[in-house]
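What follows is a short report on a single structure.
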Amino acid sequence: MRKSAFEGNILRLLRSEIEYELEHFTPKELVVEYDSFVVEERPGEQWIRLKKKFGEKEEIKIEVTMFDGSIPVEKSPDGIRIGQEVELHITLIVNISKGEGSDVLEFVCSAWPQSVEIVNVLVHGKDGRPNQLYMSPKFKDLDDELQESLYEFLETRGIDDDLAIFVHEYMKNKDKTEFIRWMGTVKSFIEQK
């Protein structure tokens, strides 16, 4: 009897939370394309993939995580908070290859709400392993002009501040959708006899 009452309470709380979320959140229609990138949604998973061809040979694949970090937002000089309390972070793993069997140039990036920041640049062999023992220096340790050139390299391929804005909006929607899906899955499990 005690187990049944306990499960009944969980179900009541889940139903209430699902109802609340559905009343206050209207899922946006899934976007299947953004700026010539094809968006591969992974329902039930914590990431999406963007893919596109660039030029005649290049293939670009971007793995996009859900929100995986945050930093506090600075307060104004008078101590008043401006907007959100935290700025959310998304990791982008950008792989660029020049066709079947080529090495892969990989950019590990941070997508902040309004910008993309390169964290590291690596070269992988065809098999996905680094093709050299020397991985790479920290991106911020590179010459400023080289850093700027690598940002321009990505920007010409559509990996820019507009993409950061898009993935943040997309992942806000996905985060809520996955939360509601998760609660429904837990509810279904507990309802099973």
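Worth knowing before you read on, the calculation uses all heavy atoms, side chains too, and leaves out hydrogens, waters and symmetry mates.
- Atom CE of Met171 sits about 9.5 Å away from atom CH2 of Trp47, to the nearest 0.5 Å.
- No salt bridge links Glu41 with Arg49; every basic N to acidic carboxylate O contact stays at or beyond 4.0 Å.
- Within the 4.5 Å cutoff, the side chain of Val64 has heavy atoms near those of the Ile90 side chain.
- Taking the side chain as every heavy atom from C-beta outward, Ile159 and Tyr151 never approach each other to under 4.5 Å.
- Counting only distance, with no hydrogens or angles, the side chain of Gln147 and the backbone of Leu142 share a donor-acceptor pair below 3.5 Å.
- Looking only at side-chain heavy atoms (C-beta outward), Ile96 and Val104 stay at 4.5 Å or farther from each other.
- Taking CG from Leu146 and CG from Asp141, the interatomic distance works out to 11.5 Å, rounded to the nearest 0.5 Å.
- Within a 6.0 Å radius of CD in Glu33, more than 12 heavy atoms belonging to other residues, nucleotides or ligands are found.
- Atom OH of Tyr170 and atom CG of Leu50 lie 8.5 Å apart (nearest 0.5 Å).
- Cluster annotation: Leu92 is connected to Leu88 through the hydrophobic network of ILVMFWY side chains, with a link wherever side-chain heavy atoms come within less than 4.5 Å.
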Legend entry - Glu40 vs Lys51, salt bridge (Lys or Arg N to Asp or Glu O under 4.0 Å): CA-CA, chis, key distance, verdict: CA-CA 8 Å; Glu40 294 179 2; Lys51 293 169 77 173; 3.7 Å; yes

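- Gln46 is linked by a side chain to side chain contact (heavy atoms under 4.5 Å, CB included) to Met66, counting only residues two or more places apart in sequence or in another chain.
- For the pair Leu13 and Leu11, the minimum side-chain heavy-atom distance is 4.5 Å or more.
- Counted by atom type alone, Asp161 and Ser115 present zero donor-acceptor pairs between their side chains at under 3.5 Å.
- Between Leu154 and Ile118 the shortest side-chain heavy-atom distance falls below 4.5 Å.
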Inset, instruction - Go through the steps to decide whether Lys98 and Glu59 satisfy the test salt bridge (Lys or Arg N to Asp or Glu O under 4.0 Å), and finish with yes or no. - result: CA-CA 6 Å; Lys98 299 213 180 215; Glu59 296 174 9; over 6 Å; no

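- With hydrogens and angles disregarded, a donor-acceptor distance shorter than 3.5 Å links the side chain of Thr65 to the backbone of Thr91.
- Enclosure of atom CD in Glu145 is not indicated, since only 12 or fewer non-hydrogen atoms of other residues, nucleotides or ligands lie within 6.0 angstrom.
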Under 3.5 Å, side-chain donor or acceptor atoms of residues 176-190 against the rest of the protein: list the pairs with distances, not counting sequence neighbours.
residue	atom	partner	partner atom	Å
Lys176	NZ	Glu21	OE1	2.8
Thr177	OG1	Asn173	O	2.8
Glu178	OE1	Gly44	N	3.1
Glu178	OE1	Arg181	NE	3.0
Glu178	OE2	Gly44	N	2.9
Glu178	OE2	Lys174	NZ	2.9
Glu178	OE2	Arg181	NH2	3.4
Thr185	OG1	Arg181	O	3.0
Lys187	NZ	Glu191	OE2	3.3
Ser188	OG	Gly184	O	3.0

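- Counting all heavy atoms, side chain and backbone alike, Val94 lies closest to Cys109 at CG2-SG, 4.4 Å.
- Linking ILVMFWY side-chain heavy atoms closer than 4.5 Å, directly or via other members, places Leu22 and Phe25 in a single hydrophobic cluster.
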Inset, instruction - Could you go through the side chain to side chain contact (heavy atoms under 4.5 Å, CB included) check for Lys140 and Glu117 one step at a time? - result: CA-CA 10 Å; Lys140 291 187 180 215; Glu117 175 185 326; 3.9 Å; yes

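- The shortest heavy-atom contact between Trp112 and Ala164 is O-CB, 3.4 Å.
- Atom CG of Leu122 and atom CD of Glu106 lie 5.5 Å apart (nearest 0.5 Å).
- Counting only heavy atoms from C-beta outward, the side chains of Val167 and Tyr34 never approach each other to under 4.5 Å.
- At least one side-chain heavy atom of Leu105 sits under 4.5 Å from a side-chain heavy atom of Phe153.
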Inset, instruction - Let me see the working for Asp35 and Phe166 under side chain to side chain contact (heavy atoms under 4.5 Å, CB included), right down to the final yes or no. - result: CA-CA 10 Å; Asp35 190 35; Phe166 168 76; over 6 Å; no

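- Residues Asp103 and His124 have side chains that never bring a donor and an acceptor to within less than 3.5 angstrom of each other.
- For the pair His89 and Asp68, the minimum side-chain heavy-atom distance is below 4.5 Å.
- Residues Val121 and Val123 share a hydrophobic cluster, clusters being chains of Ile/Leu/Val/Met/Phe/Trp/Tyr side chains in contact below 4.5 Å.
- Side-chain atoms of His168 do not come within 3.5 Å of backbone N or O of Leu163 as any donor-acceptor pair.
- Side chain of Lys61 to main chain of Ser97: no donor-acceptor pair is present (N/O by atom type, distance under 3.5 Å, no hydrogens or angles).
- Ile60 and Val39 fall within the same hydrophobic cluster, defined by Ile, Leu, Val, Met, Phe, Trp and Tyr side-chain heavy atoms under 4.5 Å apart, directly or through other members.
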Inset, instruction - Start with the C-alpha distance between Glu58 and Arg157, add both sets of side-chain angles, then the distance that settles salt bridge (Lys or Arg N to Asp or Glu O under 4.0 Å), and finish with yes or no. - result: CA-CA 10 Å; Glu58 284 187 10; Arg157 288 154 178 80; 2.7 Å; yes

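- Ile165 and Leu30 fall into different hydrophobic clusters, where Ile, Leu, Val, Met, Phe, Trp and Tyr are joined by side-chain heavy atoms under 4.5 Å apart, directly or via other members.
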